[in-house]
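Chain letters run A, B, ... following the sequence lines, proteins first and then strands; every chain starts at 1. Worth knowing before you read on, the calculation uses all heavy atoms, side chains too, and leaves out hydrogens, waters and symmetry mates.
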There are 2 protein chains.
Amino acid sequence: MNIGDVAERSGLPAKTIRYYEDIGLVRPVRGANGYRHFDQTELHKLVFVGRARSLGFAIEDCRLLLSLYEDRSRESAEVKAIAETHLDSIDRKIAELERLRVCLRDLVANCNGDTRPDCPIIDALSTTRAEPVSRAREASQAWGRANGRSHKNAIV
Amino acid sequence: MNIGDVAERSGLPAKTIRYYEDIGLVRPVRGANGYRHFDQTELHKLVFVGRARSLGFAIEDCRLLLSLYEDRSRESAEVKAIAETHLDSIDRKIAELERLRVCLRDLVANCNGDTRPDCPIIDALSTTRAEPVSRAREASQAWGRANGRSHKNAIV
DNA sequence: CCTAGTCCTTCCACCGACTGGAAGGTCAAG
DNA sequence: CTTGACCTTCCAGTCGGTGGAAGGACTAGG
């Protein structure tokens with residue numbers, strides 16, 4: 001199969017598959033014309049990685065999971081540990097987002113949203129409060145790179 | 001104030017403040033020695049942006065909010081609209097993460113996590129199911145850049 | 001054989017929002 | 001005069017791709 005075929009079968013864009021080869025997740029052989037050629041094994045690996053990514057595993061986790069997938073003598077404890085760590089990170093992210101949601105919902109609820117300039121949201125962002133900005137940074141980082149606005153398929 | 005002072009007062013790293021100048025969020029004046037000099041107004045803007053970022057607003061939202069902050073004749077509806085859009089995006093992210101959490105928790109719960117190779121997590125990632133991978137891509141993108149592993153302060 | 005169209009290749013640049021580090025200038029204290 | 005803290009600019013890297021240009025390979029039709 002050429003890259004277009006595995007792209008269709010795996011549901012991954014060809015660009016992504018080339019990238020996965022670049023970082024060593026798959027190793028398609030090359031034909032005489034320079035085209036990549038994928039066998040069933042490579043296709044399975046792509047599907048595997050696609051699913052792991054869809055569950056939010058990082059690429060390096062995928063690499064690890066892939067090696068465990070191919071290791072018939074793996075211990076399920078190893079896999080479980082990766083998944084549990086990931087689950088924890090999801091929990092932390094949800095908790096942080098919940099915190100933001102509560103905060104923002106309050107602000108939005110208190111804002112009239114009319115033609116007058118008076119706005120509790122702006123006030124909250126600008127007013128010097130008892131508890132200053134000291135912890136703003138951590139929270140800001142906590143949100144992390146989650147909101148890639150410009151990204152085509154990102155949830156915004 | 002030099003950059004170190006405003007860094008301390010705003011809670012933002014000096015590097016970040018330079019970056020904010022780079023992208024035009026603040027415009028400190030320069031002294032004869034080339035050092036940036038920040039007055040109260042610039043400090044307030046930095047604090048403002050720091051707070052907005054800590055609520056998860058994107059830089060471009062911050063830029064908009066900042067211009068509304070400085071516009072005394074703004075309409076609170078404009079601010080509210082930005083906040084509501086952001087709130088929606090938070091809700092969507094939470095929903096997506098909840099979906100992943102449920103899925104992962106089931107997988108983890110079903111895995112023995114012992115020394116045997118038998119692992120339902122690996123099975124789920126590799127087995128061809130009735131519903132194939134067709135939607136894996138969207139979900140993968142949905143997770144987005146949220147898990148910047150290498151990032152110092154990112155929630156992981 | 002030529003052409004059009006589709007597929008494939010590589011390479012480079014870009015996204016967000018910084019962060020790290022190198023190389024070097026400036027300033028205040030001792 | 002030196003030390004050290006602070007400041008400057010610039011370049012590169014983060015994560016996981018995505019967009020596009022420039023050009024080679026292949027297939028079908030005339």
### Message
Would you compute the distance between atom CG of A:Leu125 and atom CZ of B:Arg53 and round it to the nearest 0.5 angstrom?
### Response
12.5 Å
### Message
Does D:dT8 have its OP1 or OP2 closer than 4.0 Å to a side-chain nitrogen or oxygen of B:Arg36?
### Response
yes
### Query
Is a salt bridge present between B:Glu96 and B:Lys93, judged by a nitrogen-to-oxygen distance below 4.0 Å?
no
### Message
Using a 4.0 Å heavy-atom cut-off, does A:Ile3 contact any base of the nucleic acid, only the sugar-phosphate backbone, or nothing at all?
### Response
sugar-phosphate
### Query
OP1 or OP2 of D:dC26 sitting under 4.0 Å from any side-chain N/O of A:Asn33?
yes
### Any B:Tyr20 side-chain N or O less than 4.0 Å from OP1/OP2 of C:dC18
yes
### Query
Taking the side chain of B:Arg53 as heavy atoms from C-beta outward, which of C:dC11, C:dG21, C:dA17 is closest to it?
C:dA17
### Query
B:Asn2 CG to D:dT8 C1': how many Å, rounded?
12 Å
### Task
Can you tell me the distance, in whole Å, between the NZ atom of B:Lys15 and the P atom of D:dC6?
16 Å
### Query
Is it true that B:Lys45 and B:Glu42 have a side-chain N and a carboxylate O under 4.0 angstrom from each other?
yes
### Message
Any side-chain N or O of B:Thr16 below 4.0 angstrom from OP1/OP2 of C:dA17?
### Response
no
#### Entry: side-chain N/O B:Arg30 vs D:dT9 OP1/OP2, d < 4.0 Å
yes
### Query
For A:Ser76 and B:Asp114, does a side-chain donor sit closer than 3.5 Å to a side-chain acceptor?
yes
### Summary
Separation of D:dG16 atom P from A:Glu60 atom CD, nearest Å, is 7 Å
